[in-house]
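Structure first, then comments.
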Amino acid sequence: MSLRKFFRTVFLVDLLEGLGVTFRYQPTKNVCTEQYPAERPKIAERFRGAPRLNTNPETGETLCIACNLCAVACPEQLIVLASERNEKTRRKELTTFTFDISRCMFCGLCEDACPVDALELTQDFELASYTREGAIWDRQMLEEGPKPTRYKY
Amino acid sequence: MAEPTFLDSTEMVLNMGPQHPSTHGVLRVILKLDGERVRGTDCVIGYLHRGLEKIGENRTYAMYVPYVDRADYVAAVSNGLGFCLAAEKLLGVEAPPRAQAIRVILAELTRISSHLLWLGTHCLDIGATTPLFYTFREREFIMDIFEKYCGARLTTHAFRIGGLQYETYDEFLDECRSFCEWLPPKLEEYDRLLTGNRILIGRMREVGILNAEDCKAYGVTGPMLRAAGVKWDLRRAQPYSGYENYDFEIPTGERGDTYDRYLVRMEEMRQAARIVRQAADSMPDGPIMAKVPKVIKPPAGEVYVSVEAPKGELGYFVVSDGSTQPYRVRIRPPSFVNLQALDRMARGALVADLVAIIGTIDIVLGEVDR
Ligand code: SF4
Ligand code: SF4
């Protein structure tokens with residue numbers, strides 16, 4: 001054993017070097033934990049979270065043209081929608097739209113398939129509900145978005 | 001024959017897992033013990049079986065891509081890459097150069113993130129609690145890049161058959177570059193914390209040795225094979241997605257023990273950062289999607305495509321019967337194959353070392369069970 005190695009072994013240099021790394025992170029400016037829910041994370045623009053059915057901001061009418069493409073594209077087949085033909089305009093109109101988020105894997109295939117950008121996955125990520133039924137979203141819920149409880153601190 | 005007394009040694013059978021925290025998920029190992037020595041192991045797997053291969057038979061090709069992310073969820077991008085390449089080979093298309101370069105960047109970032117997760121949990125298993133927090137902090141950067149690029153952090157679904165769905169966001173390349181600048185000093189920090197640490201060396205040196213012959217006999221690939229001294233890397237041996245354009249080293253070890261595997265993976269992270277930097281610097285312009293029909297209906301035939309996932313050779317064997325859905329999808333998961341070598345490595349080891357040996361294989365149970 002060389003003298004240098006002997007010295008390093010006796011004086012625990014390897015362990016102290018490691019401890020040095022640990023102690024360098026003691027100042028609070030190095031803290032990178034997020035205090036959720038008091039401090040909310042910054043969500044990326046493209047984040048695929050809660051689904052939303054977009055409406056025309058002026059008229060409040062849904063943008064969905066009931067083409068059923070999203071339901072066909074979904075690998076889990078969890079989108080179910082119904083439509084009715086409007087006799088006057090000869091156009092299909094959406095009547096119901098259900099989206100079972102309990103089975104959704106947020107892959108984004110449905111929003112890619114939508115030709116009019118009516119269905120969109122948004123930045124909302126708080127999707128918990130107390131019941132299983134609560135995870136099946138109807139048209140109203142999809143248009144308004146989830147309203148999770150916001151806790152105050 | 002005299003009755004056995006408490007002085008005689010008897011073999012004891014002990015269950016480790018499936019809820020044991022250091023079996024990295026839901027692996028159950030039936031141990032045959034002679035005192036503290038392991039005399040034999042038996043793996044019970046399947047607790048996380050979701051029938052991924054069967055699901056593939058009744059989904060269209062495009063629909064199946066998000067599912068493969070769930071196999072090795074720690075390195076979802078590599079899974080998606082493997083399956084997309086297999087489907088592209090069936091179709092006879094190739095992703096455009098820009099898409100390939102972005103794929104390489106994401107695949108290498110996922111390699112770093114997978115190795116970081118492995119480093120944290122492996123060290124946690126053998127008693128070092130601190131590195132876990134550091135590696136997760138670094139991993140967070142990669143997760144953020146993924147989130148901004150494709151909208152998901154873990155099960156990314158970043159690739160589509162024929163290219164990519166998403167164009168890069170504005171700061172994508174800068175963020176990748178700055179991450180590559182930022183990572184090596186952090187790895188040095190881990191070096192100071194761990195590499196020379198006598199406790200860590202004591203726990204890792206000469207533990208779980210698997211030599212090159214055994215590796216080949218078991219079909220072990222990835223860092224475990226390289227730690228045994230075999231310079232085998234699919235990115236070099238059969239380049240895919242433009243890996244032949246990048247300059248990188250293949251780190252190898254000598255003894256094939258746990259410590260060598262640790263060193264190999266540490267070096268792989270540095271090399272991965274190098275590849276990311278090269279890909280970011282030479283990013284070509286152009287389209288990100290090849291001409292792929294709306295309804296993917298490959299001609300009848302079969303392909304096997306394998307990629308170098310963080311854990312080893314990840315292969316997809318896809319059989320097409322000419323319809324929109326695969327006739328059969330077989331996944332060759334690296335974790336599953338590497339796990340076979342557990343018995344060979346664990347025989348004669350101490351129970352405490354078994355934890356280190358399971359950790360060093362770097363298994364993800366989602367991939368073992370599929
Ligand atoms: S995100 Fe994927 S799983 Fe969820 S509804 Fe859309 S297509 Fe279906
Ligand atoms: S794809 Fe879009 S427009 Fe068509 S039914 Fe779905 S949400 Fe409506």
Side-chain angles (χ1 to χ4, degrees), chain A residues 1 4-6 8-26 30-34 36 41-51 69-79 103-115 120-125, chain B residues 55-56 58-70 76 80 123 128-131 133-134 136-138 140-141 143-158 160 165-170 186 188-202 294-295:
Chain A
M1 195 187 276
R4 190 181 135 79
K5 198 163 173 213
F6 177 76
R8 286 179 70 93
T9 316
V10 171
F11 289 98
L12 305 172
V13 175
D14 52 332
L15 298 183
L16 290 176
E17 268 183 2
L19 272 180
V21 173
T22 319
F23 277 112
R24 204 153 309 134
Y25 282 111
Q26 294 312 304
N30 290 325
V31 172
C32 49
T33 319
E34 225 161 53
Y36 177 81
K42 244 182 93 193
I43 308 281
E45 211 172 295
R46 293 181 185 173
F47 188 75
R48 304 196 299 254
L69 282 180
C70 51
V72 174
C74 175
E76 284 294 323
Q77 293 153 12
L78 55 86
I79 301 175
R103 277 161 52 210
C104 180
M105 55 178 166
F106 304 101
C107 62
L109 284 174
C110 50
E111 64 170 353
D112 295 348
C114 185
E120 214 179 308
L121 298 178
T122 61
Q123 279 106 322
D124 290 320
F125 58 94
Chain B
I55 289 175
N58 42 46
R59 297 285 187 279
T60 65
Y61 287 88
M63 280 180 185
Y64 188 52
V65 183
Y67 287 91
V68 293
D69 285 357
R70 270 90 185 153
C123 293
T129 350
T130 325
F133 300 105
Y134 297 167
F136 268 61
R137 179 192 56 195
E138 270 72 280
E140 188 64 24
F141 263 72
M143 295 281 135
D144 279 346
I145 292 179
F146 286 169
E147 182 185 328
K148 283 187 208 157
Y149 171 69
C150 63
R153 297 161 64 82
L154 211 56
T155 46
T156 45
H157 192 206
R160 302 293 193 272
Q165 170 73 24
Y166 309 104
E167 187 45 89
T168 55
Y169 58 94
D170 291 343
K186 298 289 170 199
E188 251 161 56
E189 219 163 65
Y190 303 154
D191 269 342
R192 255 186 308 189
L193 194 60
L194 298 166
T195 309
N197 187 302
R198 69 185 71 181
I199 303 170
L200 192 100
I201 295 176
K294 261 251 156 67
V295 179

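By convention in this document, chain letters (A, B, ...) are assigned in the order of the sequence lines, proteins followed by strands, and residues within each chain are numbered from 1.
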Per-residue contact mode, A:Q123 against chain B (heavy atom under 4.5 angstrom) = neither
With only heavy atoms counted, which part of B:Y169 is less than 4.5 Å from chain A, the side chain, the backbone, both or neither?
-> both
Are the side chain of A:R48 and the backbone N or O of B:G151 linked by a donor-acceptor pair below 3.5 Å?
-> no
Who pairs with A:Q77 by side chain to side chain contact (heavy atoms under 4.5 Å, CB included), at least two apart in sequence or on another chain?
-> none
Enter the distance from B:R160:CZ to A:L109:CG here, rounded to the nearest 0.5 Å.
-> 5.5 Å
Considering only heavy atoms, which portion of B:T156 lies under 4.5 Å from any heavy atom of chain A: side chain, backbone, both, or neither?
-> backbone
One should read off an interatomic distance between A:C107 SG and B:Q165 CD, to the nearest 0.5 angstrom, of 11.0 Å
Looking only at non-hydrogen atoms, find the nearest pair between B:M63 and A:A73 and report the distance.
-> CE-O, 3.6 Å
Any side-chain heavy atom of A:M105 within less than 4.5 Å of one from B:R70?
-> yes
Region of B:E140 that comes under 4.5 Å of a non-hydrogen atom in chain A | neither
Using the test salt bridge (Lys or Arg N to Asp or Glu O under 4.0 Å), find all partners of A:R46 that sit at least two apart in sequence or belong to another chain.
-> none
Rounded to the nearest 0.5 angstrom, the OG1-CZ distance for A:T33 and B:F136 is 13.0 Å
Is it the side chain or the backbone of A:I43 that comes within 4.5 Å of chain B heavy atoms, both, or neither?
-> both
Nearest 0.5 Å please: distance from the CZ atom of A:F47 over to the CZ atom of B:R153.
-> 7.5 Å
Side chain, backbone, both or neither: which part of B:Y64 has an atom under 4.5 Å from a heavy atom of chain A?
-> neither
Looking at A:P75, A:A44, A:C74, A:G108, which makes the most heavy-atom pairs under 4.5 Å with chain B?
-> A:P75
Counting only heavy atoms closer than 4.5 Å, note whether B:T60 contacts chain A via side chain, backbone, both or neither.
-> neither
If one checks every heavy atom of B:A62 against chain A at 4.5 Å, the contacting part turns out to be backbone
